[in-house]
Amino acid sequence: MRNHNTRQSSNIAQPLRDITRVVLLVWFSFQSPSGLSQESLEYRVKAAFIYNFTKFIRWPDEHFPSDTTPIRICVAGDAKSYAPITQAISGKTSQNRPLTTLYLDKANQTPACHILYIAGADSALSPWLNHPLNAVATIGDAADFIEVGGVMGFTNHQGKIRFVISQANATNNHIIISSKLLALAQRVER
Amino acid sequence: MSRINILSQRWPRTVPLRTAVTVMLAMVTALHSHSLNATPIDVAHAGDLTELSLENLMDIDVYSVSKSAEPLQQSAAAAYVLTGEEIRRAGAKTIPDALRLIPGVNVSQIDAHTWAITARGFNSTLADKLEVVMDGRSIYTPFYSGVFWQRHNILASDIERIEVIRGPGASLWGSNAVNGVVNIVTRKASKGDPTHFELGAGSAERSHFGFSTTLDFDNGAVRVYGRDERFTELELESGPDATDDFTGQRLGFRSDWTLTPAQQLSIMAEVYRDELGRMGSPDKETNEVNHINGRWQHTGTAGATLEVQFSHEMIDYFIPQVIEEKRRTSNLEIKRQWPIGKKHKIVAGMAYQRTTDHIDSANLTTAFEPDKRTTNSFEAYAQDTYAMLADKLLLTAGVKAEHNDLSGNEVQPTLRFSFTPDTQSTYWGAVSRAVRIPNRLDQDFKVFSASGSPILSGSRQFEAEELLAYELGLRKRISNHSSVDIATYYNEYDKLRGLDASTLPQRISNEGEGRSHGVELLLRVQPNDAVSHILSYTYQQLDFHAKAGSTDTTIASSNDNDPRHQIKIHSNWRLSEHFDVDSQLRYVSALDDSDISAYTELNLNLNWRISHSLRASLLGTNLLRKDHLEFDGGNRVAIPRAVLLNIEWDF
């Protein structure tokens, strides 16, 4: 009958030393590049996309009372998306207009947004989409965002950010999307 | 035989581990010298992405290890999500290879086409403590309550993610989720998906060819796919061929439809054939598995969801000169999730399963009696999660009640809590009961002597094996780029399968009991966007034996087949926009009952993104030694060092 106590307990000491050495080497081998914020690359890439989008969307003239009225990018949903967008547009202009951002934390606010980015995996369920928003380019974080009324949706295609556009929803919202942006979209719903 | 001396002498042989350390050091220092031309990736590290054009932005890889951890932050279980992207970067081409990437899961390759896979102990060729589900369809077989893993190697590019919960998930996932649940989720068919071809060939081991193409429709899409996979035979430890060659083909489709904004429908189906060799048999075993699976889901405005799932599977499993199993299994499940006020989230459902089989014996020594059997099971489950203290404390109570034709009534309750005092940490704990219900082997298997009288028999009195599990865990974000996940458990098992030798015929009976405990440590480090490390250490101690007074002698020779220690280090270095290197180092300590010594092994996958549509990768598996043993399935097949070249084309 086997006696469990004399069972050789696996000789863990030597490989554990080796692997600890590897672990420590790996841990200490990298420092994060100084000055670089540790926000996820995905948030910053999407912020850069949104900045670029402002160059390729045309809103009705009456939504810009003066030549210096800024293009307002509103963000709802995942709050971690907000700061990267504010950083991305800081000090920049688009279509000769300044850019500003605003975070909407209550669903019943209706400020004058030109872009409304509903961030987060459940953006397609957002109450903002219940009816078309006049002169607002709605952007969401799921491909089916445009199936439920959104104008543009971010998708993640094998690790890279792409976007899809619904021209029908853009027309419902009275905005025009430049053909250059349509050409780069992964998919366009007409 | 003095095992102690032999095993301690084997360690000097793993000099290759030092080589691995040197190799990694070299890669580490190489990374510090970036190329002089600023690629988009370098700009990404420098800071201002708005200077890039849209085309350049679309080229940046944004995979993030932490993203998959976030939804689990408050989970009151030892859960882990492996994304499809991580599976592809690691070069895993089979489900078992993908499961190797998951901390705490013990994957042991038995031969070219067979694996023993479990979590928290009890690994065996008939490992039966893990429930495995693919797109809501259980893929364990009622034949022996395990999984024939070679039947399920779909295209890696079609896997969305694999979720693993270690520990009993019975109240939601059902019987046999005793030590854990593996949930494989495939990607939805989505309009605009490219057509995909992949081809791989490698040393002495395998080749594969796969394709998938998506047809677009107004309100949905259909992805049609096919795959051919071949493994050539390996060698036994003692030298001769293991005659374990394998060839398998599958053809299927997955379709996803949006019927209305609130209604989704998925329908998938597949036909599968394979042929595999086994030692001692001149003819090949064959499998034919055809299935269809449909799920309809409705999402209400208040966040309530209703899901109806139906699946049907037809299996024909032929072992020449032994048996042929023909089985039809149908499953219908209704599940509803809904919140009550702001504090309660309820999940409730019902399911019905019917499986009909005919197991025909081709020899006079073994048989299943009766050879035809239909078993029904009906179950209902409910779970309520109650939020307290401004949603910082979640209390969950759940139960699954089941009536089945094999063991009667089973009740599997669970109580869980998770406490998240701040955004950095979550403490969780659980007490649960789970059962492994009897299968055809336990109840109906018979072995006959030469004169035709039974010498060994299953028994209708065989009851479900039982587990009472106590678990505690902690998940903590240590810094902006690292997090730790600790899970501990103490399990009490009863009514484990053994052999009652006091009668003639000897009876398969619930002869065993025991305890196990363990600690699972996981450390994720992502020092910057180009490097990620996932380090895990799993400690388990199992002590199970025949009960006092039992005449069983089989348990003692198979209760030491689980490694006390497992270490996995999975790293990925993105060297440039076009190249990344994925390495998986693993250490598994010895399996004493089968005289398998501890081993350290390394897989390396070099990925080359040649262009938008063309990718190549070079995968080296088990690089540290010419070959090694992982498990003794009766034949002691040596798993060799191998190289596989893989090309993928998307257009």
>> If I measure from the heavy atoms of chain B, does A:Ile89 come under 4.5 Å with its side chain, its backbone, both, or neither?
In response: neither
> How many angstroms lie between atom CG of B:Leu52 and atom OH of A:Tyr51, to the nearest 0.5 angstrom?
Replying inline: 11.5 Å
>> Checking A:Ile161 against B:Leu57 for the side-chain contact (heavy atoms from CB on, under 4.5 Å) test, could you report, in this order, the C-alpha distance in whole Å, the side-chain angles of both residues, the deciding distance, and whether it holds?
In response: CA-CA 8 Å; A:Ile161 303 292; B:Leu57 284 175; over 6 Å; no
>> Measuring from atom CG of A:Asn52 to atom OG1 of B:Thr50, what distance do you get when rounded to the nearest 0.5 angstrom?
In response: 8.0 Å
>> Which one wins on heavy-atom pair count under 4.5 Å against chain B: A:Glu147, A:Glu189, A:Arg187, A:Lys180?
In response: A:Arg187
